[in-house]
Amino acid sequence: MRGLSRASLAEVEEHFNAVAGSADLGTLADELFAIADLFDREHGLRRTMSDAARPAAQKAQTLRILLEGKVGAAALETAVGAVSARWARAGDLADALERLGVIAAAAEAEAQGRLDEVEDELFRFGRIIASNLALHRALADPAAPAQGKRELLGSLLGGKATPTTIRLVTQLAVHPRGRSLDGGLEDVGHLVAAQRQRLVAVVHSAVALSEEQKRRLATWLRASYGRDVHLNVEVDPRVLGGFSVRIGDDLIDTTIAGRIEEVRRRLAG
């Protein structure tokens with residue numbers, strides 16, 4: 001989001017934090033996802049609720065009439081705060097509500113002491129669909145029935161992943177909202193990590209790292225970036241030795257393959 005929408009998002013997040021404390025966070029996440037999906041589905045409603053020319057009080061009253069008794073108080077008040085804000089484009093309204101749904105789900109996992117599990121599961125699931133073309137097609141196909149996707153995810157993840165991970169992956173698969181499944185998983189992974197103000201580092205190593213090696217790497221990265229860093233480690237024989245670490249746009253490459261490529265670039269340049 002940019003400009004006006006970024007400022008509005010900050011205001012709505014502050015309002016969300018004020019009303020979410022006493023709510024069941026899993027239910028709140030589901031309700032915020034449902035409201036975002038409603039705005040995506042009903043274009044006329046989305047235009048009306050994001051129209052900056054309409055008085056905020058009028059939009060808030062309309063939404064209260066529409067949602068009263070259908071969602072909990074925290075979801076309703078969060079949605080009212082969202083429609084009362086000003087957005088640079090209509091789609092930013094639904095984006096904001098979905099984002100807050102992800103934050104609610106992550107907060108529930110953190111309260112249960114399972115946030116690390118969720119981060120790891122999201123990363124591993126991303127790697128699974130990246131390597132399984134048939135599964136990727138089944139989940140990413142916008143024409144595939146939503147119930148079929150839910151059943152497929154239930155058979156894949158039921159009893160094997162946290163309820164938070166299942167909730168988030170299902171939202172991404174059933175309601176892609178114009179994004180790729182891979183990109184959605186990456187975005188959600190960063191939002192989940194941000195629940196504890198952590199960065200996400202994707203580590204490619206020729207061999208599996210021991211717990212001590214991961215601890216030392218995380219400590220070094222925390223000292224370098226001034227923030228906690230969650231490691232997503234992927235064993236990749238193509239690196240030939242050493243490891244590479246990507247955090248956002250930053251790349252730390254100590255691999256043999258990386259050194260060979262650097263020599264090739266220098267010779268070619």
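What you see below is based on every heavy atom in this structure, not just the backbone, and it leaves out hydrogens, waters and symmetry mates.
By the side chain to side chain contact (heavy atoms under 4.5 Å, CB included) test, T27 is found to be paired with D24, E31, residues two or more places apart in sequence or in another chain being considered. Taking N232 as the reference, D120, F123, V200, H230 meet the side chain to side chain contact (heavy atoms under 4.5 Å, CB included) condition, with sequence neighbours excluded.
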Check your understanding: Between H175 and D40, does a side chain to side chain contact (heavy atoms under 4.5 Å, CB included) hold up when you go through it step by step?
Key -> CA-CA 9 Å; H175 303 284; D40 281 338; 5.9 Å; no
Review point. Please walk me through it: do T164 and V192 pass side chain to side chain contact (heavy atoms under 4.5 Å, CB included)?
Key: CA-CA 10 Å; T164 297; V192 170; over 6 Å; no
Exercise for review: Test side chain to side chain contact (heavy atoms under 4.5 Å, CB included) on E98 and F33 and set out the steps.
Suggested key: CA-CA 5 Å; E98 186 186 57; F33 288 155; 3.9 Å; yes
Practice item. Decide side chain to side chain contact (heavy atoms under 4.5 Å, CB included) for T62 and T48; before the verdict, give the C-alpha distance in whole Å, the side-chain angles of both, and the deciding distance to 0.1 Å. Key: CA-CA 10 Å; T62 299; T48 298; 5.8 Å; no
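Annotation for A79 and I35: closest pair CB-CD1, 4.0 Å, computed over non-hydrogen atoms. Heavy atoms only, all atoms of each residue included: L67 and L38 are closest at CD2-CD2, 4.4 Å. The shortest non-hydrogen separation linking A36 to A94 is CB-O, 3.6 Å. Nearest heavy atoms, L115 versus A106: CD1-O, 3.5 Å. Closest heavy-atom contact between V245 and A201: CG1-CB, 3.8 Å. The minimum heavy-atom distance between L25 and A20, with the atom names listed, is CD2-O, 3.9 Å.
A donor-acceptor contact shorter than 3.5 Å is absent between the side chain of E117 and the backbone of R114. Panel note: side chain N17, backbone E13; a donor-acceptor pair is recorded below 3.5 Å. A distance-only check finds a donor-acceptor pair linking the side chain of K149 to the backbone of L139 [under 3.5 Å]. In this structure, S8 contributes its side chain and W87 its backbone to no donor-acceptor pair below 3.5 Å. Although no hydrogens or angles enter the test, the distance criterion places no donor-acceptor pair under 3.5 Å between the side chain of T170 and the main chain of R150.
I128 and V235 are assigned to two separate hydrophobic clusters, defined by single-linkage of ILVMFWY side chains at heavy-atom distances under 4.5 Å. Residues L191 and I166 share a single hydrophobic cluster, defined by chaining ILVMFWY side chains whose heavy atoms lie under 4.5 Å apart. Tracing side-chain contacts under 4.5 Å through hydrophobic residues (I, L, V, M, F, W, Y), one never reaches V174 starting from F125; they form parts of separate clusters. By the rule that hydrophobic residues join a cluster once side-chain heavy atoms approach within less than 4.5 Å of another member, V19 and V12 end up as members of separate clusters. There is no path of hydrophobic side-chain contacts, each under 4.5 Å, that joins I252 to V202.
Remark: E11 CD to L9 CG distance equals 9.5 Å, nearest 0.5 Å. Distance CG/L156 to CD/E151: 12.0 Å, rounded to 0.5 Å. From M49, atom CE reaches atom CG of L97 across 12.0 Å, with rounding to the nearest 0.5 Å. A distance of 11.5 Å separates OG1 of T162 from CG of D116, quoted to the nearest 0.5 Å. Rounding to the nearest 0.5 Å places CD of E121 at 3.5 Å from OG1 of T165. Once rounded to the nearest 0.5 Å, the distance linking CG of L221 with CD1 of I247 reads 4.5 Å.
Counting heavy atoms from C-beta on, the side chains of L172 and L181 come closer than 4.5 Å. In this structure the side chain of D92 reaches within 4.5 angstrom of the side chain of D95, judged on heavy atoms. Residues Q61 and I65 form a side-chain contact, since some pair of their non-hydrogen atoms from C-beta on lies under 4.5 Å apart. Within the 4.5 Å cutoff, the side chain of V102 has no heavy atoms near those of the D187 side chain.
More than 12 non-hydrogen atoms from other residues, nucleotides or ligands lie less than 6.0 angstrom from CD of E212. The neighbour count for R177 CZ, taken as heavy atoms of other residues, nucleotides or ligands under 6.0 Å away, is above 12.
The side chain to side chain donor-acceptor pair (under 3.5 Å) pairs that include a residue from residues 69-78 are R64-E77, where partners are two or more places apart or lie in different chains.
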